[in-house]
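Below is one structure; the comments refer to it alone.
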Number of protein chains: 2
Amino acid sequence: MSTESLFKALADPNRRKILRLLKKTSLSAGEIADHFTITRASMSHHFNVLKSADLIRSNRHGQNIVYSLNVSVFEDLAAIMFDLFKPSLKGENSNED
Amino acid sequence: MSTESLFKALADPNRRKILRLLKKTSLSAGEIADHFTITRASMSHHFNVLKSADLIRSNRHGQNIVYSLNVSVFEDLAAIMFDLFKPSLKGENSNED
DNA sequence: TAGATAGTTTGATAAATATCTAATTATCTA
DNA sequence: TAGATAATTAGATATTTATCAAACTATCTA
């Protein structure tokens, strides 16, 4: 279910924009929301999807919830991509679904 | 729309399995379908999604339609991933959506 | 402690998607 | 050319998803 949730999370332009914003620095939910026109409820939904895919982490700081990018997923994604595209060797089999 | 269709195409386990099958060698629609339990109509739908994302190519050989992996998308995907995760430099901006 | 502020959760709805069966198209061969 | 085979397209349905408004939770501060 992890590869599944990862690609589904990445398959939405708003969520990719969130990730790009978090590349520079961690940001609170409100700071992120300021870059979008959809409601904060909808933003929360996207935060949840990204968290479920382990693409972001959250920490409360007082009234704010601060989100940060989990860069370690980058490695996972790379591995998945190799699994999908790399010419396979004799007897090699995939773990992924 | 291209990044969009790419991730959406990859967000389905049946479609990822199709790509993995095509890593080794090109295969006809029927040969691919033999590895699945869903109907051939459903398989055709998945082929269409993968073709729209430019992940596979198709060529008719007599009665068969032979599908092959388009490995050049691997590079596109790598670029998109860097855009999403790589720490950005001063004044740098993304082209993606 | 009573607002005010930041954010999430709930419930509803419209749009997208995966699947199926049935019908259609393209090609081969007897 | 008629039937058989390979595959796709069309139409229908159930599930998932993105979004919103409203209600709720957590924290701060006067």
Side-chain angles (χ1 to χ4, degrees), chain A residues 1-22 25-69 96-97, chain B residues 1-22 25-70 84 96-97:
Chain A
M1 180 44 199
S2 184
T3 304
E4 181 90 14
S5 59
L6 189 51
F7 280 121
K8 279 189 179 167
L10 293 171
D12 180 277
N14 283 332
R15 288 195 288 265
R16 288 195 300 277
K17 183 171 169 183
I18 293 170
L19 296 179
R20 259 182 267 111
L21 288 170
L22 293 176
T25 179
S26 299
L27 294 169
S28 71
E31 289 171 322
I32 298 172
D34 287 344
H35 291 80
F36 295 81
T37 53
I38 61 178
T39 65
R40 280 157 194 246
S42 298
M43 292 300 297
S44 264
H45 159 70
H46 289 305
F47 296 146
N48 272 324
V49 173
L50 291 170
K51 273 182 68 172
S52 299
D54 203 28
L55 281 160
I56 62 175
R57 300 281 167 74
S58 69
N59 286 99
R60 181 178 279 278
H61 276 259
Q63 282 165 296
N64 302 310
I65 294 183
V66 174
Y67 287 101
S68 51
L69 192 63
E96 313 279 346
D97 65 7
Chain B
M1 181 42 201
S2 183
T3 304
E4 182 91 14
S5 58
L6 189 51
F7 280 122
K8 280 189 178 167
L10 292 170
D12 180 276
N14 283 332
R15 289 196 287 265
R16 289 194 301 277
K17 183 172 170 184
I18 293 171
L19 296 178
R20 259 183 266 109
L21 288 170
L22 293 176
T25 178
S26 300
L27 293 169
S28 71
E31 289 172 323
I32 299 171
D34 287 345
H35 292 81
F36 295 81
T37 53
I38 61 177
T39 64
R40 281 159 193 245
S42 297
M43 292 300 297
S44 264
H45 160 70
H46 289 306
F47 295 146
N48 273 325
V49 173
L50 290 170
K51 273 182 67 172
S52 298
D54 204 28
L55 282 160
I56 62 174
R57 300 281 167 76
S58 70
N59 286 101
R60 182 177 279 278
H61 276 261
Q63 284 164 295
N64 301 310
I65 293 183
V66 175
Y67 287 101
S68 53
L69 192 64
N70 175 19
L84 288 174
E96 313 280 345
D97 65 7

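Reminder, nothing fancy here: chain letters follow the sequence lines and each chain counts from 1.
In terms of phosphate contacts, A:Thr39 brings no side-chain nitrogen or oxygen within less than 4.0 Å of OP1 or OP2 of D:dT19. Dashed line: the shortest gap from a side-chain N or O of A:Ser42 to OP1 or OP2 of D:dC20 is under 4.0 Å. At C:dT9, one or more side-chain N or O atoms of A:Asn48 fall inside 4.0 Å of OP1 or OP2 (strictly under the cut-off). Dashed line: the shortest gap from a side-chain N or O of A:Ser28 to OP1 or OP2 of C:dG7 is under 4.0 Å. Using a 4.0 Å cut-off, no side-chain N or O of B:Asn64 falls inside it from OP1 or OP2 of D:dT5. For D:dT8, the OP1/OP2 oxygens have a side-chain nitrogen or oxygen of B:Tyr67 closer than 4.0 Å. B:His61 has no side-chain polar atom (N or O) that falls below the 4.0 Å cut-off from OP1 or OP2 of D:dA6.
B:Arg15 and B:His45 get closest at one heavy-atom pair: NH1-NE2, 4.2 Å. Annotation for A:Ala11 and B:Glu4: closest pair O-OE2, 3.6 Å, computed over non-hydrogen atoms. Of all non-hydrogen atoms in A:Leu27 and A:Leu22, the two that sit nearest each other are N-CD2, 3.7 Å.
Look at NZ on B:Lys8: it is 14 Å from P on C:dA15, rounded to the nearest Å. Between the CD atom of A:Glu4 and the P atom of D:dT16 there is a distance of 11 Å, rounded to whole Å. Counting to the nearest Å, the C1' atom of D:dT16 and the NE2 atom of A:His45 are 10 Å from each other. Distance, B:Arg15 CZ to C:dT17 P: 9 Å, rounded to whole Å. Between the CG atom of B:Asn59 and the C1' atom of D:dA6 there is a distance of 16 Å, given to the nearest Å. One can place CG of A:Asp12 at 18 Å from P of D:dT16, the figure rounded to the nearest angstrom. In this structure, A:Met43 atom CE and D:dA21 atom P are separated by 15 Å, rounded to whole Å. Regarding B:Arg40, its CZ atom lies at a distance of 15 Å from the C1' atom of C:dC20, rounded to whole Å.
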(request) Mind running side chain to side chain contact (heavy atoms under 4.5 Å, CB included) on A:Tyr67 and A:Leu50 for me, showing each step along the way? (result) CA-CA 10 Å; A:Tyr67 287 101; A:Leu50 291 170; over 6 Å; no
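Residue order along DNA chain D, read from the 5' end via each residue's closest nucleotide, puts A:Ala41 first among A:Gln63 and A:Ala41.
Nearest nucleotide to the A:Ile38 side chain, out of D:dT19, D:dT9, C:dT8: D:dT19. Here the side chain of B:Ile65 is nearest to one of D:dA7, D:dT27, C:dT8, namely D:dA7. For A:Arg60, the listed nucleotide lying nearest its side chain is D:dT27; candidates were C:dC20, D:dT27, C:dT8. With D:dA7, D:dT8, D:dT17 as the choices, the nucleotide that has an atom nearest any side-chain atom of B:Phe47 turns out to be D:dT8.
Residues A:Glu31 and A:Asn64 have side chains not in contact (no heavy-atom distance under 4.5 Å, counting atoms from C-beta outward).
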